[in-house]
Amino acid sequence: MCLLSRRELVKSLNLVPEKSRHFRAGCLALQSFCYILCKMASRLDRIAQQRRQKLERIRSRGIEPYPYVYHRSHTTKQALALLNKQEAKSQAKARVVSLAGRITANRPMGKISFLDLRDGAGKIQLCFYQNRLSEETLALFQDLDIGDIIGASGKLFRTKSGEPTLEVESLALLAKSLQPLPEKWHGLADVDKRYRQRYLDLIANTEAMGTFRVRSQVIAAIRQFLNQRGFIEVETPVLQASAGGALANPFTTHHQALDQDFYLRIALELHLKRLLVGGFDKVYEIGRIFRNEGVSTQHHPEFTMLESYEAYVNYQDVMTMLEEMVSEVCQQVMGTTKVRFGGDTVNLKAPWKRLTLRDAVKKHSGIDFVTYPTADGLRDRMRSLKIEVDPKKNWAKLVDELIKSFVKPKLIQPTIIFDYPVSMSPLAKTKRDEERVAERFQAIAGGLEIANAYTELNDPIEQRKRFEEQLKERQGADEERWTIDEDYLLALEYGMPPAGGLGVGIDRLVMLLTNQAAIREVILFPQLREKE
RNA sequence: GGGCCGUUAGCUCAGUUGGCAGAGCACCUGACUUUUAAUCAGGGUGUCGCAGGUUCGAGACCUGCACGGCCUACCA
């Protein structure tokens, strides 16, 4: 009310509008003055102020609007089941139940009001007959708002239209809501707001809630699958003196007391393989890893990775396990192995199609990269297909480019692409008789890279050689932070059993199952730039 | 990092050629005893992202900035 535009200011003060800069400056000063005067009052919008008034009114009647506990007898879901049971018996003796949750809608109908109550299990309709409520309950009811969290008890019945309903006899306010909820029909659409205030997204958009339930169930099902097969879940350090196991840029941090810089881990791999050395046969970790790289619909600076390592098996065995795991997890969580993803239906049922990387690239780009063993040769061939090629890319990166632009987008149904060039797989064992090929595979579905796995390199001398080559390449790119993980090499020197390792991007798997195109949709609180 | 687009009421969105800032939901007042996007009658609640500029006049046009989205680049 105090915040007037210049036009309104002119109107309200009966001024004759002038065009001069002095007049404008004067208006500005006056506006600023009003603004400062009213700032305290206007910080809360109208609705929040009204609700604060209700809050005070409730308090003044001796009711604590934020009490400590409310022991409900049923969830909304249990209440629905109870009503069905009640109705099945001819003796329909309704018992009193108590429910708790958030009010999400209000439909007043004269002396009856219908409200929706939502809890973690679902939703049920409440009904208040104003003439049947006690004076105190009626007063409290009249100060309720959509968004408030309440406890309500009474008897269950069904309305004329068949809606399961609780006729409320007694009412408890459990938390007064001071902010209005997003619009009930369109929900919350502002992407920025949905991420920053995810709780509103969860309240307003049931699909968002569903996505994160699936995420939770997927992780639980994976744990169950691996535990049943004798895998042991472990936890390894996030803070590491040397960030290895992948080629990504790490985040750095600092330990005060030790006065030492640390990296946040970029992979789980090297510590899990130390545990194979230590004698665990089957280990896995589901953990957050951090990569200081660009963000996109498929990349996020922190994401969740499953890595598992099993001694005495090779990548062929891992392929089979992966197929079975994804297939079973999907069946268990979604109730089917067929999921919609974009315009496609992806069937994750095992077994999956398998083909070599060489054949896959040949099939989808027409280039047989084996016949172009040098970076220059391959680059020329790619240019002849009018592919734009970064001249700084080495041979391995050019092959990766071919995979990314030709192979991945074509692979909608789950496919295992195996046998990768050694030069792009420094931690994988070379294939017998094929020096340039590593026993490595990636699984792709819906065009998303879901998993990466290999027969683990356990020859310490060969591993050192590969690390050194990698380091040379990195130092060429003027990256000084890269060091060789000597401790890991020492562990290998004690002897690591032959093993098959697997990495699964949990976020991307959840994207696939929940038909989400952006990784941020499956991360509860995605990283955003700070506002203001 | 580059390109394109966006930011208007608590929410979802209109806003024409530069001419008094407007709809639905939510909210407030009233009616209504089985509603369910309840309905009906009334009420607009706003620093038009921020800062400048052009203009008699800017939500709109120009410049810069912030935040976001998509594409691209980077990224095992």
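By convention in this document, chain letters (A, B, ...) are assigned in the order of the sequence lines, proteins followed by strands, and residues within each chain are numbered from 1. Any value given below was found using the heavy atoms of this structure, including those in side chains, with hydrogens, waters and symmetry copies removed. A quick note: this is a predicted structure, and the numbers were derived from the prediction, not measured.
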Any side-chain donor near an acceptor of the partner, Glu521(A) and Tyr195(A), under 3.5 Å
yes
Which part of the nucleic acid, if any, lies within reach of Met109(A) when heavy atoms closer than 4.0 Å are counted: base, sugar-phosphate only, or nothing?
base
I want to verify a distance call: between rC70(B), rC75(B), rC27(B), whose nearest atom is closest to the Lys404(A) side chain?
rC75(B)
Any side-chain N or O of Lys397(A) below 4.0 angstrom from OP1/OP2 of rC75(B)?
yes
Distance in angstrom units between Ile289(A) CD1 and rC75(B) C1', rounded
12 Å
Sugar-phosphate, base or nothing in reach of Val295(A), heavy atoms under 4.0 Å:
base
Could you tell me whether the side chain of Asn131(A) has a donor or acceptor atom within less than 3.5 Å of a complementary atom in the base of rU33(B)?
yes
Using a heavy-atom cut-off of under 4.0 Å over every strand shown, decide if Gly503(A) touches base, sugar-phosphate, or nothing.
nothing
Position toward the 5' end of RNA chain B (nearest nucleotide), Thr159(A) or Ile146(A):
Ile146(A)
Give none if rA58(B) has no partner; otherwise give the nucleotide forming a Watson-Crick or G-U wobble pair with it, both distances under 3.5 Å.
none
Nearest-nucleotide pick for Glu163(A), side chain only, options being rC27(B), rU33(B), rU35(B)
rU35(B)
Selection from rU35(B), rC27(B), rA76(B) that lies nearest to any side-chain heavy atom of Ser161(A)
rU35(B)
With sugar-phosphate meaning primed atoms plus P, OP1 and OP2, does Leu528(A) contact a base, only sugar-phosphate, or nothing at under 4.0 Å between heavy atoms?
sugar-phosphate
Quick one: do Asp419(A) and Arg440(A) make a salt bridge, cutoff under 4.0 Å?
no
Under a 3.5 Å limit for both distances, which nucleotide forms a Watson-Crick or G-U wobble pair with rU33(B), could you say?
none
Nucleotide paired to rC13(B) in any strand shown, Watson-Crick or G-U, under 3.5 Å:
rG22(B)
Minimum-distance nucleotide to Ala189(A) side chain [options: rC13(B), rC70(B), rA76(B)]:
rC13(B)
May I ask you to say whether Lys465(A) pairs ionically with Glu462(A), meaning some side-chain N is under 4.0 Å from a carboxylate O?
yes
Do you know which two heavy atoms are closest between Thr76(A) and Lys123(A), and how far apart they sit?
OG1-N, 3.5 Å
Hey, does Phe128(A) reach any base, or is it just sugar-phosphate, or nothing, if we go heavy atoms under 4.0 Å?
nothing
Is the distance between the ring centroids of Tyr315(A) and Tyr454(A) less than 6.0 Å?
no
Write down the partner of rC67(B) under the Watson-Crick or G-U wobble criteria, each distance required to be under 3.5 Å.
rG6(B)
The side chain of Lys184(A) lies closest to which of these nucleotides: rU45(B), rA38(B), rU34(B)?
rA38(B)
Parallel, tilted or perpendicular: rings of Tyr488(A) and Phe467(A) (30°, 60°)
tilted
Have a look at Thr297(A) and say if it touches a base, only the backbone sugar-phosphate, or nothing, with a 4.0 Å heavy-atom cut-off.
sugar-phosphate
Looking for any heavy atom pair under 4.0 Å, which part of the strands does Gln442(A) touch: base, sugar-phosphate only, or nothing?
nothing
Where Ile124(A) and Ala79(A) come nearest, the two heavy atoms and their spacing:
CD1-CB, 4.0 Å
Got a donor-acceptor pair under 3.5 Å from the side chain of Gln125(A) to the base of rU35(B)?
yes
When you measure from the side-chain N and O atoms of Arg196(A) to the phosphate of rG68(B), is any distance below 4.0 Å, counting only OP1 and OP2?
yes
Paired with Asp143(A), the side chain to side chain donor-acceptor pair (under 3.5 Å) test is passed by just one of Gln53(A), Arg57(A), Lys176(A), namely Arg57(A)
Distance test, side-chain N/O of Arg529(A) to OP1/OP2 of rC67(B), below 4.0 Å
yes
Using atom CG of Leu117(A) as one end and atom P of rU36(B) as the other, report the distance to the nearest whole Å.
19 Å
For rG46(B), which nucleotide is its Watson-Crick or G-U wobble mate, given both distances must be under 3.5 Å?
none
In this structure, how many angstroms lie between the P atom of rU34(B) and the OH atom of Tyr129(A), rounded?
8 Å
Between the side-chain atoms of His299(A) and the base atoms of rC75(B), is any donor-acceptor pair under 3.5 Å?
yes
Checking contacts here: which listed nucleotide (rC28(B), rU45(B), rA37(B)) is nearest the side-chain heavy atoms of Gln50(A)?
rC28(B)
Look at the side-chain N and O atoms of Lys54(A) and state whether any lies under 4.0 Å from the OP1 or OP2 oxygen of rC27(B).
no
d(NZ, Lys393(A); C1', rA73(B)) in whole Å:
9 Å
Nearest to the side chain of Tyr454(A), which nucleotide is it out of rC75(B), rU34(B), rA76(B)?
rA76(B)
Just how far, in rounded Å, is P of rC25(B) from CD1 of Ile47(A)?
14 Å
Could you tell me the separation between the NZ atom of Lys193(A) and the C1' atom of rC11(B), rounded to a whole number of Å?
8 Å
Length of the CD-P vector between Glu293(A) and rC74(B), whole Å:
11 Å
OP1 or OP2 of rU35(B) under 4.0 Å from side-chain N/O of Arg107(A):
no
Counting any heavy atom closer than 4.0 Å, what does Pro426(A) reach on the DNA or RNA strands: base, sugar-phosphate only, or nothing?
base
Can you check the Phe303(A) CZ to rC75(B) C1' distance for me, whole Å?
10 Å
Under 3.5 Å on both distances, the Watson-Crick or G-U partner of rA38(B):
none
Of the candidates rA76(B), rC11(B), rU34(B), the side chain of Leu188(A) sits closest to rC11(B)
Out of rG24(B), rA38(B), rC13(B), whichever nucleotide has its closest atom nearest the side chain of Glu183(A):
rG24(B)
